[in-house]
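Just the heavy atoms: all of them, side chains too, but no hydrogens, waters or symmetry mates, feed the values below.
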Amino acid sequence: MHDKPTHPLHSTPLHSTPLLVHKSTDTVTAAAMENRPLLTTNLLLFPLLVLLLSSTTSHAHNITRILAKHPEFSTFNHYLTVTHLAAEINRRQTITVLALDNSAMSSLLSKQLSVYTLRNVLSLHVLTDYFGSKKLHQITNGTALTSSMFQATGSAPGSSGYVNVTDLKGGKVGFGAEDNDGKLDATYVKSVAEFPYNISVLQISQVLNSDEAEAPTPGPSGLNLTAIMAKQGCKAFADLLIATGAHTTFEENLDGGLTVFCPTDAVVNDFMPKYKNLTEAHKVSLLLYHGTPVYQSLQTLKSSNGVMNTLATDGASKYDFTVQNDGEIVTLKTKATTAKITGTLKDEEPLVIYKINKVLLPIELFKPEVETEAPAPAPTPHKRKTKKDKDEAEADAPVDDSEDQTADNENGVGRISGGHLIWTVLSSCMGIFFI
């Protein structure tokens, strides 16, 4: 008589397996019936889980940081900042940057275009659609006409801000401005960075030629900084700029972008006793400390917290401060004081002027703030306790609820971080598949 066959991984005879499976099925079915409310809850929570996961994984791109990893694009990267295009690129959700290496930028700069005209030329190299290296060879009908930032901003007349992207024979891809008589001046070189479908940075061989983009562009029309300040509650600060000659430094930086933080008249008047004690050189440094040589919109200040250089910054002294925000409130923090932006006098790129509620005090000229601690309470005279006092103290002593608090925390009553919440919901949803 032969032995009954067994499963290779178990010693149980095969004929008994259906009985075990049947029993397990009944158990699972009963468990599923009991947990039907949990199943419904999990299904309802699943969309929330997807939303939470997507919110924690999304992040904004930063073209300056991307290009900083590639020194061959250092000139291109620099002029994206100078022309304020970098901030525009970072604000957009879907973008393709046609990057020019240092050699191509040298050819462009030899034309000696103004910074405003240069902005138009470079904005033609920023496409408002996503083109990864694969998509370049999968273009419908082999060619596409796409809008650039030059077109999207309204600076380009007609359709001159469009760029022709064509998949050529032999694996090459050509690029050309729409107003260039159909000529494809540049070709695709390589992919620098791709974050589908957020931002793609592609190197092209040379600058896209466009008569409209290279047309002379006028700069700011006769802006008078001190007059703007004087008319809107910052006359005292404007007068100090004129008296010391510091206003010329502000005006010289206007073409490349300028941000001014202007203390109001009442603030400056209260500060005058300290101001008069400064040397002439220190007075100028203090005033220059209230300007930065780059245009910083309020939105940029809110999203780019960190250390900021000023017009007073030089090799010997930092003269910087830290920008921080708490919701809609933006603060400028030095080691000697903290000021808040209370309003905007003018915001017209490349110039923005803000009102602040304090004079900014650089640590190079003023002592740091010292936080004073509240005095400790005076000790009470020691009184010897009687047996009656001890009994009363024990009767009035609060019940130790640390165990209850621990139990609450273990049951989820305590504070739950975003990560814990996500994985709690995920674990709950995944439980569906194990019921």
K.L.:
Quick check against the 3.5 Å criterion: does Thr310 have a side-chain atom that pairs as donor or acceptor with the backbone of Asp320?
P.N.:
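No, because the side chain of Thr310 does not come within donor-acceptor range (under 3.5 Å) of the backbone of Asp320.
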
K.L.:
Hey, does Lys333 have a side-chain heavy atom less than 4.5 Å from the side chain of Phe321?
P.N.:
no

K.L.:
Give, for atom CG of Leu240 and atom CZ of Phe271, the distance between the pair rounded to the nearest 0.5 Å.
P.N.:
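Leu240 CG to Phe271 CZ: 9.5 Å, rounded to 0.5 Å.
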
K.L.:
Does Glu251 use its side chain to pair, donor to acceptor, with the backbone of Leu225 at less than 3.5 Å?
P.N.:
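Not at all, since once roles are kept as given, no pair shorter than 3.5 Å links the two residues.
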
K.L.:
Can any side-chain N or O of Asp211 pair as donor or acceptor with the backbone N or O of Asp179 at less than 3.5 Å?
P.N.:
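Checking the backbone N and O of Asp179 against the side chain of Asp211, no donor-acceptor pair under 3.5 Å is found.
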
K.L.:
Exactly one of Asp239, Leu287, Leu288 should register a side-chain contact (heavy atoms from CB on, under 4.5 Å) with Thr244. Which one does?
P.N.:
Leu287

K.L.:
Measuring from atom NE2 of His290 to atom CG of Leu241, what distance do you get when rounded to the nearest 0.5 angstrom?
P.N.:
9.5 Å

K.L.:
A side-chain contact here means heavy atoms from C-beta on lying under 4.5 Å apart; do Phe237 and Val359 qualify?
P.N.:
no

K.L.:
Please report the shortest heavy-atom distance between Leu85 and Arg119, naming the atom on each side.
P.N.:
CD1-O, 3.7 Å

K.L.:
Could you walk me through whether Glu194 and Ser133 pass the side-chain hydrogen bond (donor to acceptor under 3.5 Å, both in side chains) check?
P.N.:
CA-CA 8 Å; Glu194 296 182 23; Ser133 54; 3.0 Å; yes

K.L.:
Which pair of non-hydrogen atoms, one from Thr96 and one from Phe131, has the smallest distance, and what is that distance?
P.N.:
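That would be OG1-N, 2.8 Å.
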
K.L.:
For a quick test of reading the model, state the closest non-hydrogen atom pair linking Met308 to Val323 and the distance between them.
P.N.:
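Shortest heavy-atom contact: CE-CG2, 3.6 Å.
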
K.L.:
Using a distance-only test with no angle check, is there a side-chain donor-acceptor pair under 3.5 angstrom linking Ser297 and Thr300?
P.N.:
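There is such a pair between these side chains.
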
K.L.:
Can you tell me how far NZ of Lys183 sits from CG of Asn164, rounded to the nearest 0.5 angstrom?
P.N.:
14.0 Å

K.L.:
What do you reckon, is OH of Tyr197 surrounded by more than 12 foreign heavy atoms closer than 6.0 Å?
P.N.:
no

K.L.:
Whether Glu364 and Lys318 form a salt bridge (side-chain N of Lys/Arg under 4.0 Å from carboxylate O of Asp/Glu) is what I want to check.
P.N.:
no

K.L.:
Going by heavy atoms in the side chains, are Leu67 and Phe76 under 4.5 Å from each other?
P.N.:
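Yes; the side chains approach each other to less than 4.5 Å.
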
K.L.:
Measure from the side-chain N and O atoms of His84 to the backbone N and O of Leu80, and report whether any donor-acceptor pair falls under 3.5 Å.
P.N.:
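Flag not set: sc His84 to bb Leu80 has no pair under 3.5 Å.
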
K.L.:
Please tell me whether Thr143 and Thr166 have a donor and an acceptor in their side chains that are separated by less than 3.5 angstrom.
P.N.:
yes

K.L.:
Strictly distance-based, threshold 3.5 Å: is any side-chain N or O of Asn102 a donor or acceptor partner for the main-chain N or O of Pro71?
P.N.:
yes

K.L.:
Within a 6.0 Å radius of atom CD on Glu72, are there more than 12 heavy atoms belonging to other residues, nucleotides or ligands?
P.N.:
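Counting neighbours around CD of Glu72, more than 12 heavy atoms of other residues, nucleotides or ligands fall under 6.0 Å, so yes.
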
K.L.:
Determine yes or no for a side-chain-to-main-chain donor-acceptor pair under 3.5 angstrom, with Thr259 supplying the side chain and Val294 the backbone.
P.N.:
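Flag set: sc Thr259 to bb Val294 pair under 3.5 Å.
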
K.L.:
Could you tell me whether a side-chain N or O of Ser148 sits under 3.5 Å from a main-chain N or O of Tyr162, the two making a donor and an acceptor?
P.N.:
no

K.L.:
Any donor-acceptor pair under 3.5 Å linking the side chain of Ser285 with the backbone of Ala281?
P.N.:
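A pair under 3.5 Å: yes.
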
K.L.:
Please examine the side chains of Val82 and Leu118, heavy atoms only from C-beta on, and report whether any two atoms are closer than 4.5 Å.
P.N.:
no

K.L.:
Before you tell me yes or no, could you show the steps for Val260 and Val352 under side chain to side chain contact (heavy atoms under 4.5 Å, CB included), namely the whole-Å CA-CA distance, both residues' side-chain angles and the distance that decides it to 0.1 Å?
P.N.:
CA-CA 6 Å; Val260 183; Val352 59; over 6 Å; no

K.L.:
With a 3.5 Å distance limit and no angle check, can you tell me whether Lys367 reaches the backbone of Ala336 through a side-chain donor-acceptor pair?
P.N.:
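Pair absent, no side-chain N/O of Lys367 close to backbone of Ala336.
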
K.L.:
Going by side-chain contact (heavy atoms from CB on, under 4.5 Å), Tyr289 matches just one of Thr334, Leu311, Leu365. Which one?
P.N.:
Thr334

K.L.:
Do Asn77 and Thr75 have side-chain atoms, one donor and one acceptor, less than 3.5 Å apart?
P.N.:
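No.
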
K.L.:
Are Gln151 and Ser159 linked by a side-chain donor-acceptor pair shorter than 3.5 Å?
P.N.:
no

K.L.:
When you check the side-chain N and O atoms of Tyr188 and Asp167, is any donor under 3.5 Å from an acceptor?
P.N.:
no

K.L.:
With side chain to side chain contact (heavy atoms under 4.5 Å, CB included) as the criterion, how do Lys283 and Tyr275 come out once you've worked through the C-alpha distance, each side chain's angles and the decisive distance to 0.1 Å?
P.N.:
CA-CA 7 Å; Lys283 288 178 180 178; Tyr275 179 81; 3.5 Å; yes

K.L.:
If we check side-chain contact (heavy atoms from CB on, under 4.5 Å) with Phe150, which of these qualifies: Leu122, Leu124, Val121?
P.N.:
Leu124

K.L.:
Where do Lys190 and Phe73 come nearest, in terms of heavy atoms and distance?
P.N.:
CE-CZ, 4.5 Å

K.L.:
With rounding to the nearest 0.5 angstrom, report the CG to NZ distance, Asn357 to Lys355.
P.N.:
12.0 Å

K.L.:
So how far is it from Leu301 CG to Phe261 CZ, rounded to the nearest 0.5 Å?
P.N.:
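With rounding to 0.5 Å, CG (Leu301) is 5.5 Å from CZ (Phe261).
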
K.L.:
Can you name the nearest heavy-atom pair linking Ala177 to Asn209, along with the distance?
P.N.:
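Shortest heavy-atom contact: CB-O, 3.3 Å.
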
K.L.:
Between Ile95 and Leu127, is any pair of side-chain heavy atoms under 4.5 Å apart?
P.N.:
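They are not in side-chain contact.
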
K.L.:
Does a sphere of radius 6.0 Å around CZ in Arg91 hold more than 12 heavy atoms from other residues, nucleotides or ligands, not counting ones at 6.0 Å or beyond?
P.N.:
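Atom CZ in Arg91 is packed in, count exceeds 12.
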
K.L.:
Please examine the side chains of Thr264 and Val268, heavy atoms only from C-beta on, and report whether any two atoms are closer than 4.5 Å.
P.N.:
no

K.L.:
Looking at Ser210 and Ala213, what are the two nearest heavy atoms and their distance?
P.N.:
OG-N, 3.2 Å

K.L.:
Main chain of Met149, side chain of Thr128: is a donor-acceptor contact present, judged purely on distance under 3.5 Å?
P.N.:
no

K.L.:
In terms of heavy-atom contacts, does CD of Glu328 have more than 12 from other residues, nucleotides or ligands at under 6.0 Å?
P.N.:
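No.
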
K.L.:
How far apart are the C-alpha atoms of Asn309 and Thr292, what are their side-chain angles, what is the distance that settles it, and do they pass the side chain to side chain contact (heavy atoms under 4.5 Å, CB included) test?
P.N.:
CA-CA 6 Å; Asn309 289 334; Thr292 64; over 6 Å; no

K.L.:
Looking at Lys135 and Asp129, is there a salt bridge between them, counting it only when a charged N and a carboxylate O are closer than 4.0 Å?
P.N.:
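So Asp129 pairs with Lys135 through a salt bridge.
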
K.L.:
More than 12 heavy atoms of other residues, nucleotides or ligands under 6.0 Å from NZ of Lys235: is that the case?
P.N.:
no

K.L.:
Quiz question: by atom type and distance under 3.5 Å, do the side chains of Thr117 and Ser114 form a donor-acceptor pair?
P.N.:
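Yes, because at least one side-chain N or O of Thr117 sits under 3.5 Å from a partner of the opposite role on Ser114.
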
K.L.:
Between Thr338 and Leu332, is the side chain to side chain contact (heavy atoms under 4.5 Å, CB included) condition met? List the steps.
P.N.:
CA-CA 6 Å; Thr338 299; Leu332 313 176; over 6 Å; no

K.L.:
Any heavy-atom pair between the side chains of Leu136 and Leu202 that's under 4.5 Å?
P.N.:
yes

K.L.:
Got Phe366 and Thr337 here, is their nearest side-chain heavy-atom distance under 4.5 Å?
P.N.:
no

K.L.:
Would you compute the distance between atom CD of Gln324 and atom CD1 of Ile329 and round it to the nearest 0.5 angstrom?
P.N.:
12.5 Å

